[in-house]
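Chain naming here is simple, since letters A, B, ... match the order of the sequence lines and numbering starts at 1 in each. Note that this is a predicted model, so its numbers are computed, not measured. Note: hydrogens, waters and symmetry copies are ignored here, and every other heavy atom, side chains too, is used.
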2 protein chains.
Amino acid sequence: MDVARLAGVSPSTVSRILNGTARVSDDKRDAVLAAIEKVKFAPNQMAQGLKKGRSMTIGIVVQDISSPFFDETLRGVDDGLKNTGYASVIVSGHWDAEEEADRIRLLLARKVDGIILLSGRMSDQTVLNFSTQRPIVSTGRALHTASALGFKLDNEAGAYLAVHHLIELGHRRIAFITGPANNIDAGERLAGYTRALKEAGIALDDKLIVEGNYHESSGMLAMNQLFDTHQQFTAVFAANDLTAYGARLALYRKGIRVPDDISLVGFDDLPGSSYTTPPLTTVRQPLYDIGRIATQALMRIINGEPARGEVPPLELVVRETTRRVR
Amino acid sequence: MDVARLAGVSPSTVSRILNGTARVSDDKRDAVLAAIEKVKFAPNQMAQGLKKGRSMTIGIVVQDISSPFFDETLRGVDDGLKNTGYASVIVSGHWDAEEEADRIRLLLARKVDGIILLSGRMSDQTVLNFSTQRPIVSTGRALHTASALGFKLDNEAGAYLAVHHLIELGHRRIAFITGPANNIDAGERLAGYTRALKEAGIALDDKLIVEGNYHESSGMLAMNQLFDTHQQFTAVFAANDLTAYGARLALYRKGIRVPDDISLVGFDDLPGSSYTTPPLTTVRQPLYDIGRIATQALMRIINGEPARGEVPPLELVVRETTRRVR
DNA sequence: CTGTTAGCGCTTTCAT
DNA sequence: ATGAAAGCGCTAACAG
C-alpha cells in the first residue's frame, strides 16, 4: 500500500486503522491518517470485497426502470440503505420470468450480498433456489425461510375496499379494467371486485370487465371499448392508477365529467395521483414502506439476524373522483 | 478453480476459454464447457475486476431517486447499457453539491469504470477534477475534454418557444412560476421568458413571476399566491411539468377552466404529461435520448475512443392546455 | 502493539 | 496449445 510506505508503517497497520480492527499507537495512527489525507486514499472496494467475501452491494430487481410504481419503492430502498455502507445495483426483469432469472444470475456473479425482488414473475421455488446463494427479500409473495422473505399485500381485500366504496355510494353498474391476464395481482384484484359485487347482490356482467395492461394507453382503450359496445355504467374501477389516468382522459375526451357523471377509482396511489384533475380516489399501496422495510429485512438477514418485517395494509384513499350516484 | 480440476486442466485454460484469449484444443474446451455447465460456474466479478482493473460497472448520479424526470433518463441509460456487460449503480446527490461530490467519491472507491452525472450541482472544475480518475459524462453543462463530456440543452431557447407560443395566441399577461432560485436551468428559463416578452414589446411585470421549487405543491402554492395578490393574467408558464400539474390543480379548485379561461404550459414533457386532463402543452426535453446518448458516449470514452455525441434540441409540444385568448 | 505471510479468485506473462 | 507462477489490493491469522 502506498499509504503504508508514506507513513512508514506496514500495510496491516493501515488496514487496522481503516477498519478499527485493533488498537494502534497514537503516533502511527496520526502518521497514517495524515498520509491518507495527503494521497486522498480510499480503499479499493473490489479488493476489499474479494478478501472479505462481502461486496457491500445489493441487487434490486424491478420490472420497469421507468415507472412511478417502482420509483416510489426504490426511494424506500434508498432510505433503507442509508448509513449502511451498501450501494445497490438496479436491474430490470421487464416483466419476464426468464429475463428476471438471467438478471439475478448476473447479480449473483457480481457477488451482491443480497437481493430485493420487486413484483417478481418467477415461481416461488425458483426464488427459493436462488436464495441458497444469497438472501432474497421479495414483494408479492409469502415466503419465510432463513434466507428468503416475502411480503404479500392483500390485493383481493384492496380491490374489495374500492368496489365496496363505490357500492356504498349507490353505484350498481361498475366497470372494471383489469391488469394483464397472466398477472397474479391483477387476478386477485378481479377477485375482490367480484366478491364486493356478489356481497351486494349485484350480478356480475362480463361485458363490464375489459382487459388492460397497467399502462395509461390501455385505460384509454378500455374505456373506448366500453363506450363502443354501448355499456351502461356509472363507475369505473381501474386495476392500477396508470390505467385510471388513461380512463380519465378517455372520459375527458367524451365530455363526460368525473365524478359528476362517472366515478373513477384507481389502485396504487402513485405520487402523482394527488395531483390529477380531479385528485384520484384510489387504493393506497405503501410503496415507500415496502421498499424501506424490505431493505431493512434484507440487511438483517445479511447480518445473520432472523428475518422479519411487516408492511402496512392497503387502504382506501377517498379523494375527488368518486361521488354518490344521483 | 473448481472447474479446472473437474475438467482436468489448469485454471489458465479455463480462463482462456472463458475469455477467448487464446486457442484451446477442442477436447479440452468441451471438457471445460461441460464442467462449467455442471457446476453452473460463473466467474467472480470482483476477482475479475481486481485483476483486470475493470469493474464493468458505471455509476449514475441523479438528484432524486424518485422522479419521473430522472426516471425517463435512466430508461435511456439502461437501454444504452444493453449488451455491454455493464451494470450501473445509481446514487442520489439530492440536489446538493457536497453530497454529490461525496457520492462520486463513493463510486470512485467502488472502482466504477465511468460516471454519468445527471443535472449536477457541482462546478465544472470539480467535475473536471474527478474526471482525471474516471471518465465522466454530464448533462446540463458544456464540457469537452478527453475524459469529460457534457451535454447542454438550450433552456433559454426552450422557454422562449413556450412563451412565444403563448404570445402568438394573443396572451399578453403571462405569469411565470420559476424553479429554485439557485438552479441554473431555472435561471435560463426565466431569461427565455423575459426575452420573448421583450421581443413582443410586453413590459415585464415582477408580480407575475413567482418562485417555485419544481414540485407539484409549489405550483399550487404559486397559483394561489397569484390569486391572493389579485394578479391579472390569461396564461401561466411553469418552469417544469410537475409545477404545471400543481398549478393545474389550483386552477381546478378555483373552478377556472384550462385552457378556456387560462392557458398553461409546462417544461420537460414527462411521460405523464400526455395523460393529464387536459393533456399538457409543454417544452419537450429528450430525456430518454439524453440518457441513451450519454451512456453511449461514456462507453466510447471507456473503450478509448474519442468522446462524442449530440442530443436532439428542445421542442414545443402543443397539446390541449393552450388556446387563443378571446 | 505491529510486521510478516498467506491468500481471496481470477488473468496473464513466461516457459515449454 | 497449455501449465506454472506471479500478482491485482486488501485483510486476517500468526508471530513476536
Distance below 4.0 Å between A:Thr13 side-chain N/O and C:dC1 OP1 or OP2: no
Roughly how many Å is it from CZ in A:Arg23 to P in C:dC1, rounded to a whole number?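 Spelled out: CZ on A:Arg23 to P on C:dC1 is 4 Å.
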Step by step, work out the side-chain hydrogen bond (donor to acceptor under 3.5 Å, both in side chains) result for A:Gln63 and A:Ser119. CA-CA 7 Å; A:Gln63 304 302 323; A:Ser119 302; over 6 Å; no
Listing request: all salt bridge (Lys or Arg N to Asp or Glu O under 4.0 Å) pairs with a residue in residues 106-132 of chain B, at least two apart in sequence or in separate chains. B:Asp124-B:Arg141
Over 12 non-hydrogen atoms of neighbours within 6.0 angstrom of CD1 in A:Ile184: no
Contacts of B:Ala101 that satisfy side chain to side chain contact (heavy atoms under 4.5 Å, CB included) - sequence neighbours left out: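 Once residues adjacent in sequence are excluded, the partners of B:Ala101 under the side chain to side chain contact (heavy atoms under 4.5 Å, CB included) criterion are B:Arg105, B:Met122, B:Phe130.
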What string of B, S and - do you get for nucleotides 8-16 of chain D 5' to 3' if you count protein non-hydrogen atoms under 4.0 Å? BBBBBB---
Do B:Asn44 side-chain atoms and B:Met46 backbone N/O form a donor-acceptor pair below 3.5 Å? yes
